[in-house]
Number of protein chains: 2
Amino acid sequence: MTSSERRGPYICGIDAAMDVVSGKWKSLILWELDNYGTRRFGELKRGLPGVSEKMLIQHLREMEQDGLVHREVYREVPPKVEYSLTEHGRSLNEALGPLGEWGQRRAERLAAEAPTVSP
Amino acid sequence: MTSSERRGPYICGIDAAMDVVSGKWKSLILWELDNYGTRRFGELKRGLPGVSEKMLIQHLREMEQDGLVHREVYREVPPKVEYSLTEHGRSLNEALGPLGEWGQRRAERLAAEAPTVSP
DNA sequence: TTCAATACTTACCTTGAGGTAAGTATTGAA
DNA sequence: TTCAATACTTACCTCAAGGTAAGTATTGAA
């Protein structure tokens with residue numbers, strides 16, 4: 001497995017949480033799954049413009065391993081796999097709430113301060 | 001400047017917050033400054049075992065630029081520089097609270113599940 | 001037998017975050 | 001004049017995260 005050794009000894013709670021949420025697309029995957037409840041691989045891919053299949057599957061696998069995401073395979077043709085959040089995934093998303101609000105306020109502040117880029 | 005182009009257009013609040021907090025030592029710097037109120041460069045360095053001077057100063061500069069950290073220079077010999085959190089830095093730290101608690105719970109859960117590594 | 005549709009998988013490459021270690025700047029004291 | 005003490009600064013290197021693009025697996029329908 002490429003995405004190996006994690007769950008290291010953590011120096012604080014933030015550290016432990018970051019270990020699980022750091023990764024370019026993870027917080028967005030979390031949001032998509034929380035928002036839609038259940039999403040297929042292809043739906044997630046379309047919902048995250050710019051993500052590569054490699055990174056999407058890699059992040060999903062890590063999140064599954066970390067107990068955040070549930071993976072349900074339907075033995076059909078064509079193949080169908082549904083992803084959803086576990087209880088841990090949902091609680092993580094909740095814990096990210098205040099951070100998201102802070103970021104929202106920051107973005108608004110930046111937009112207000114923004115010097116108009118006039119050529 | 002090496003640590004350039006940030007403040008990109010964000011796709012959500014988490015994204016905006018992560019832009020500011022991602023960096024190996026940033027959440028720890030945040031914690032140290034929140035905990036002590038004011039810290040000198042050398043004190044921070046000693047408080048973050050393993051950090052390199054290059055990364056410490058780079059992170060501090062970025063956080064100053066992002067309005068999280070205040071830098072106060074005392075024209076003395078030997079030189080003395082004190083770092084502290086701004087209001088934004090303090091509110092970010094608050095917003096990180098729930099995430100830290102989540103991580104704490106996760107760490108406890110992992111410790112409970114941990115298979116004893118017996119040689 | 002070939003194709004369609006979906007979900008991966010693999011090999012290879014690029015980029016940037018972060019580390020290492022040595023050097024610079026400042027100036028009062030000895 | 002040299003040194004001590006602190007806060008950087010710079011050049012160079014390593015490694016892993018992430019991107020690209022092509023290939024594989026599955027199986028019912030035509």
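Throughout, a chain's letter reflects where its sequence line sits, starting with A, and its residues are numbered from 1.
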Identify each donor-acceptor pair in which a side-chain atom of residues 73-83 of chain A lies under 3.5 Å from a protein atom, sequence neighbours left out, and give them as a table.
from	atom 1	to	atom 2	distance (Å)
Tyr74(A)	OH	Glu82(A)	OE1	3.1
Tyr83(A)	OH	Arg71(A)	NE	3.3

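- Contact annotation: the side chain of Leu28(A) approaches that of Trp25(A) to within less than 4.5 Å [non-hydrogen atoms, C-beta and beyond].
- With sequence neighbours excluded, the residues forming a side-chain hydrogen bond (donor to acceptor under 3.5 Å, both in side chains) with Arg39(B) are Glu32(B), listed by chain and number.
- The nearest whole Å value for the distance from the CD atom in Gln58(B) to the P atom in dT20(C) is 15 Å.
- Of the listed nucleotides (dG19(C), dT27(D), dT20(D)), dT27(D) has the atom at the smallest distance from the side chain of Arg75(A).
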CA sep, side-chain torsions, deciding dist, call: Leu48(A), Ile29(A), side-chain contact (heavy atoms from CB on, under 4.5 Å): CA-CA 8 Å; Leu48(A) 307 178; Ile29(A) 292 174; 3.7 Å; yes
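- Between His59(B) and dG18(C) there is a side-chain N or O to OP1 or OP2 distance below 4.0 Å.
- Side-chain atoms of Gln65(B) never come within 3.5 Å of backbone atoms of Glu62(B) as a donor-acceptor pair (strictly under, hydrogens ignored).
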Dot-bracket summary - DNA chain D, pairs being Watson-Crick or G-U whose distances fall under 3.5 Å, with | when paired to another strand: ||||||||||||||||||||||||||||||
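- Rounded to an integer number of Å, the gap from Lys24(B) NZ to dA17(D) C1' is 14 Å.
- Mapped onto DNA chain D by nearest heavy atom, Gly50(A) and Glu76(A) fall at different nucleotides, with Gly50(A) at the one closer to the 5' end.
- Applying the side-chain hydrogen bond (donor to acceptor under 3.5 Å, both in side chains) test to Glu64(B) and every residue at least two apart in sequence or in another chain returns nothing.
- Across the protein-nucleic acid pair, Tyr74(B) atom OH and dG28(C) atom P stand 19 Å apart, rounded to whole Å.
- Between the side chain of Asp19(A) and the main chain of Asp15(A), no donor-acceptor pair closer than 3.5 Å is present.
- Between the CD1 atom of Ile29(B) and the P atom of dG18(C) there is a distance of 11 Å, rounded to whole Å.
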Under 4.0 Å protein heavy-atom contacts per nucleotide of nucleotides 5-10 of chain D, with B for base, S for backbone only and - for none: BBSBBB
Just list the side-chain donor-acceptor pairs under 3.5 Å for residues 98-105 of chain B, sequence neighbours left out, or say none.
from	atom 1	to	atom 2	distance (Å)
Trp102(B)	NE1	Ser91(A)	OG	2.9

